[in-house]
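Labels below follow one simple rule: chain letters A, B, ... track the order of the sequence lines, proteins then strands, and each chain is numbered from 1.
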Amino acid sequence: MKTVIVVGNGMVGYKFCEKFVAKADKESYQLVVFGEEPRVAYDRVHLSEFFENNDAERLAMAPREWYEQNNITLFTNERVTDIHRKSKTITTLSEKTLSYDYLVLATGSSPFVPQINGVDKEGVFVYRTIEDLEDTLAYADKIRKKVERPKAAILGGGLLGLEAAKAVMDMGMEPHVVEFAPKLMPRQLDTRSSKVLQVKLESMGINIHLSKATNQILGNGHIIGMEFNEDDVLNVDMLIISAGIRPRDELGKSCGLKMGTRGGIVVNNKMQTSDPEIYAIGEIALYNKMIYGLVAPGYEMASVAVDQILGDQDTLMADEIDMSTKLKLIGVDVASFGTPFMPAEKGHSIIFENKTESLYKRINVTHDGKKLLGGILVGDASDYNMLLQMYLNEMPLPKNPENLILGSRGGEAVSFGSAMDLPDTAVICSCEAVTKGQLCCSIKDDGNESVKAIAKATKATTGCGGCKPMVEDLVVETLKSLGKVVKESICEHFAYSRQELYDIVKLRNITDYDELLDEVGTGHGCETCKPAAAAIFASIYNETANRQETIQDTNDRYLANIQRNGTYSVVPRVAAGEITPKQLLAMGRIAQKYDLYTKITGGQRIDMFGAKLHELPLIWEELIDEGFETGQAYGKSLRTVKSCVGSTWCRYGMDESVTFAIDIENRYKGIRSPHKIKGGVSGCIRECAEARSKDFGFIAVEGGWNVYICGNGGANPKHAQLLVEKVDKATATKYVDRFLMYYIQTAPPLTRTAAWLEKLDGGIDYVKDVVVNDCLGIVEQLDADMQHLVDTYVCEWKEAVENPEIRSRYTHFVNTEEEDESIEFVSLRDQKMPKAWA
Amino acid sequence: MDIGLNIQEAVKPADIKVWFKAAAVSKFPKNGGACVKYKDKQIAVFNFTREGTWYACQNLCPHKMEMVLSRGMIGEEHGEPKVACPLHKNTWSLKTGEHLNGDLSTLATYPVKLDNGFVYIGFSE
Ligand code: SRM
Ligand SMILES: Cc1cc2nc3c(=O)[nH]c(=O)nc-3n(C[C@H](O)[C@H](O)[C@H](O)COP(=O)(O)OP(=O)(O)OC[C@H]3O[C@@H](n4cnc5c(N)ncnc54)[C@H](O)[C@@H]3O)c2cc1C
Ligand code: SF4
Ligand code: FES
């Protein structure tokens, strides 16, 4: 029995254990792991998610029981303090002594904290462990109580620093990134791309300070600011240091292993240190004179060490290590791969920059134009995976390499092949080193026909997750190549896509969910198919959510958006944002009476928050008396049609946008669809109503209206595309009628118009063909279907307050009139808000 | 104030000391739930009409400690009856209370019986 001791239970130490137990014979080896942190190894790469959900367990690489089940002795909260190479033993802080046959050092690194005067002040943090985050959050809470919008600085404008900046912004603080270099992400980006990124980040509210050397942290006890120069001071309430990492190499140093001049334990390509029985892997290992601060190389090192220890001498670390990276979480795409910037003698660069759209793309190709050497993407990294594969696999480039970043222009075939064109050896998931060949085998031979099943079998996508889109493509394409129909069935209860279900419901005239389930489904349904079916019934029969209330999503069931504390919001329709003083007064009176928090929404209307369930019918009754209708803010249905003032007031207006917007909003109100739909009407191309960011938009131009469709805000903003130009209102409306109806009938559940268009074969030209040229011969039907929806509109809140049975649903308890006493509000700027989540 | 926000213990048939008469069967929507108050407890009671079964569990969602589960949608996953929280759609087994799409804590479940058109919930105290 040989003993292998692993020092460090971080990401790489854990990966070593996982790979070791998968390969080693249980009888011959005993694995002992020491980790200094109180928790079992967790996913540091997704550390920032802790800010969102405060859920440490969710980040764990494997639960504690996993170690037991695999016969691994795990000590957490236990630092190894000494290595005695002669006796081959280690000792720990609590004075445990253990002997080893092999020792694996996976102690990772710690944040580098520059020696600035005052860095030890209260309110200065680093960003590495869950405890760091807990401390940061606690401090942030404290200062938020004192300062309205506290400022937080991040020292370091690298990958991690920007991630931290986004995190503090989400915590409600004003972020300031302070970088020593004259550009952001100096290791990954060139000056121009860094500038593009900077402008974009600034527009998101992240302040950037470049070329700043911090002399001093100011404050008496706790931080109040940073001093760069005598009269160059930035006042901040908190500071997170993210200025690089330093390997935790103290153990190696004290036991005399060979070290790098700037730290790190030197290893060879077997991951052995200068003592052949001691291995070092992950961020502690200095390989090829480099520390690799990424998980993928660390995981590969773990693999090599496992094989070496188990006697497979052939597995060696590759000479060249890929350092390509894609920035996550921050709300703007940034990626760099291969050699991102390169001297002119090595090749030439193709650069595309569009400042107004915050886009920058650069690829570096060899002089002969045959191979990709590297590149940078800012603003849109959707091609990152494919470009990375071309680079890694040295694939031949198309004749016009610029097409790789510009897309093909002028009728040429699309330059990108599909993921299927990659060689089998292409590593798709670099974190887990899974190749395309392995993925395809897993799909074909082992029947893992979904991303979920593949992730379980191969672990692909479970690291940073960046390869997920490519794995999805591979699944679909491989199944297609096997002649299997790739069914987009909506859930385990229906083997149909939403479009198929829509047709079934319509053709067979099915009106009840239970009937649908009995006729074409199995089992008892779930939270996926119920609301999808509800939307289909609504789109076909225009029935309100009141009839089959238990298949509705919670917001539809109670005709109101549920809020953080289980109370609801109330949003009356204010078509096109036009509201009379009398209506404003009425709304104000009602909000005051029921003590509701009020806010102007991003959709040009007024939201009243904090209504208890039993108050909803009372509030709506009063609103309806004042002439209001429901605004369907809760439904997957028409929300708002945003409008500018147009020619009635504006000196530039080409036509009356408000009138048109009101008509359109009233036309489509109440219509249920696969996802919500929003419209916009602008009186001229200055576009104050942002019509081109809406699902449908009209812009008045000389000679008529331009019609745009499939724009989207949200997490993946997309500008709308031009459907037709210079048509009159009636024609514009007719085309949008048809487009909406076609979308409603064919889109998968919860797919916005932009995502729908993206997946639609033929794109916008095809939509034009359907709605303008009637290539499918269905426009008459589409027109009739839409007219039916328009003609059968009812205000569902009116229905709810007038019908005693529906009204009786609005109580918290069924057995008493009492209120739910667990609801708590706190005050906020003269109004109220729900008590914060713990 | 921590009314009812403390952890609830599941009640097994053997522990039942009280059958609490909650409300008439007609008060509970088909294939849906409603909330019942018993002492300082809030109980979500579901009328799973398709299965012909009734279930009861704590109304408190362990995710963010909100009293909302009775307003959740019910359904089934590979035969296991479940409830989805209306706030973030976490799902729990209605039979065992086990969290199905993660490892949040288990819901306390309670026995339910019908008698003469009324719904009764079993409590140990
Ligand atoms: C109230 C409001 C924010 C505000 O204070 O201004 C808001 C609030 C919510 N938005 Fe929004 N959105 C609001 C305008 C917007 C806008 C701006 C706009 O409409 O011009 C957008 C971007 C434009 C767009 O939709 O394309 C927007 C993009 C989203 C998204 C992302 C959709 C996407 O396609 O990615 C979601 C999530 C979703 O729907 O799945 C969302 C979801 C939500 C929900 C419903 C989340 C939820 O389920 O609880 C929020 C409900 C609050 C409530 O109870 O009322 N909200 N939301 C705005 C209500 C407008 C209104 O009058 O109805
Ligand atoms: C916020 C954040 C975001 C990141 N994002 C990415 C990303 O998108 N992509 C990417 O590839 N990488 C990313 N990284 C880097 C990645 O997390 C690291 O490369 C990886 O965690 C390194 O693993 P490791 O096991 O070598 O070190 P660690 O995960 O740091 O583990 C080392 C462990 O050893 C313990 N230890 C140290 N000394 C001792 C001792 N003497 N005795 C016992 N235990 C000891 C430490 O406490 C620690 O738990 C990110 C890092 C952070 C902090
Ligand atoms: S969903 Fe909309 S309203 Fe809610 S937090 Fe996100 S952006 Fe704000
Ligand atoms: S509060 Fe129930 S799932 Fe989040």
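Among the residues in residues 20-31 of chain B, those with a non-hydrogen atom closer than 4.5 angstrom to a non-hydrogen atom of chain A are B/F20, B/A22, B/A23, B/K27, B/F28, B/P29, B/K30, B/N31. Listed in order of number, the residues of residues 50-57 of chain B that approach chain A to under 4.5 Å between heavy atoms are B/R50, B/E51.
The side-chain heavy atoms of A/C526 and B/K82, taken from C-beta on, include a pair separated by under 4.5 Å. Under the 4.5 Å side-chain criterion, counting only non-hydrogen atoms from C-beta, B/E76 is in contact with A/H493. In this structure the side chain of A/H812 reaches within 4.5 angstrom of the side chain of B/R71, judged on heavy atoms. Between A/N565 and B/M65, the closest side-chain pair of non-hydrogen atoms is not below 4.5 Å.
No more than 12 heavy atoms of other residues, nucleotides or ligands shown are found within 6.0 angstrom of CD on B/E98. Within a 6.0 Å radius of CD in A/E817, other residues, nucleotides and ligands contribute 12 heavy atoms or fewer. Heavy atoms from other residues, nucleotides or ligands lying under 6.0 Å from CD of A/E57 number 12 at most. Heavy-atom neighbours of A/R58 CZ from other residues, nucleotides or ligands within 6.0 Å: at or below the threshold of 12. The local environment of NZ in A/K456 is sparse, with at most 12 non-hydrogen atoms from other residues, nucleotides or ligands closer than 6.0 Å.
For the residue pair B/K89 and A/P531, the shortest heavy atom distance occurs at NZ-CG, 4.3 Å. For the pair B/C35 and A/N815, the tightest heavy-atom approach, listed with the atom from each and the gap, is O-OD1, 4.2 Å.
For the set A/G525, A/C529, A/G566, the entry with the most heavy-atom pairs within less than 4.5 Å of chain B is A/G525. Per-residue counts of heavy-atom pairs under 4.5 Å with chain A were compared for B/V68, B/L104, B/L87; the largest is that of B/L87. Comparing A/G523, A/P63, A/C491 by heavy-atom pairs within less than 4.5 Å of chain B, the highest count is held by A/G523. Options B/P86, B/G79, B/G32 differ in how many heavy-atom pairs under 4.5 Å they form with chain A, and the most are formed by B/P86.
Summarising the geometry, atom CZ belonging to A/F813 is positioned 10.0 Å from atom CD1 belonging to B/I43; distances are rounded to the nearest 0.5 Å. Within the model, atoms OG of B/S70 and CG of A/D820 stand 9.0 Å from one another, a figure rounded to the nearest 0.5 Å. One distance of note links CG of B/N59 with OG of A/S822; it measures 8.0 Å at 0.5 Å rounding.
Both the backbone and the side chain of A/E527 come within contact range of chain B, judged by heavy atoms closer than 4.5 Å. Only the side chain of A/E549 comes within contact range of chain B, with at least one heavy atom under 4.5 Å from a heavy atom of that chain. Proximity to chain B (any heavy atom under 4.5 Å) is restricted, for A/I551, to the backbone atoms N, CA, C and O. In this structure, the portions of B/H78 lying under 4.5 Å from any heavy atom of chain A include both its backbone and its side chain. At a 4.5 Å heavy-atom cutoff, the contact between A/Y558 and chain B is made by side-chain atoms alone. Contacts of B/T91 with chain A are made by side-chain atoms alone, with heavy-atom separations under 4.5 Å and no backbone atom involved.
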Report the C-alpha distance between A/T550 and B/M73 in whole Å, list the side-chain angles of each, state the deciding distance to 0.1 Å, and finish with yes or no for side-chain contact (heavy atoms from CB on, under 4.5 Å).
CA-CA 7 Å; A/T550 57; B/M73 216 181 295; over 6 Å; no
The test is salt bridge (charged side-chain N to carboxylate O under 4.0 Å, His left out); show your working for B/E66 and A/R564 and say whether it passes.
CA-CA 8 Å; B/E66 296 296 350; A/R564 231 150 43 79; over 6 Å; no
Using the side-chain contact (heavy atoms from CB on, under 4.5 Å) rule, take A/K530 and B/I74 through it: C-alpha gap first, then chi angles, then the decisive distance, then the call.
CA-CA 9 Å; A/K530 285 180 176 181; B/I74 58 172; 4.1 Å; yes
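The pair B/K37-A/E821 meets the salt-bridge criterion, since a charged nitrogen lies less than 4.0 angstrom from a carboxylate oxygen.
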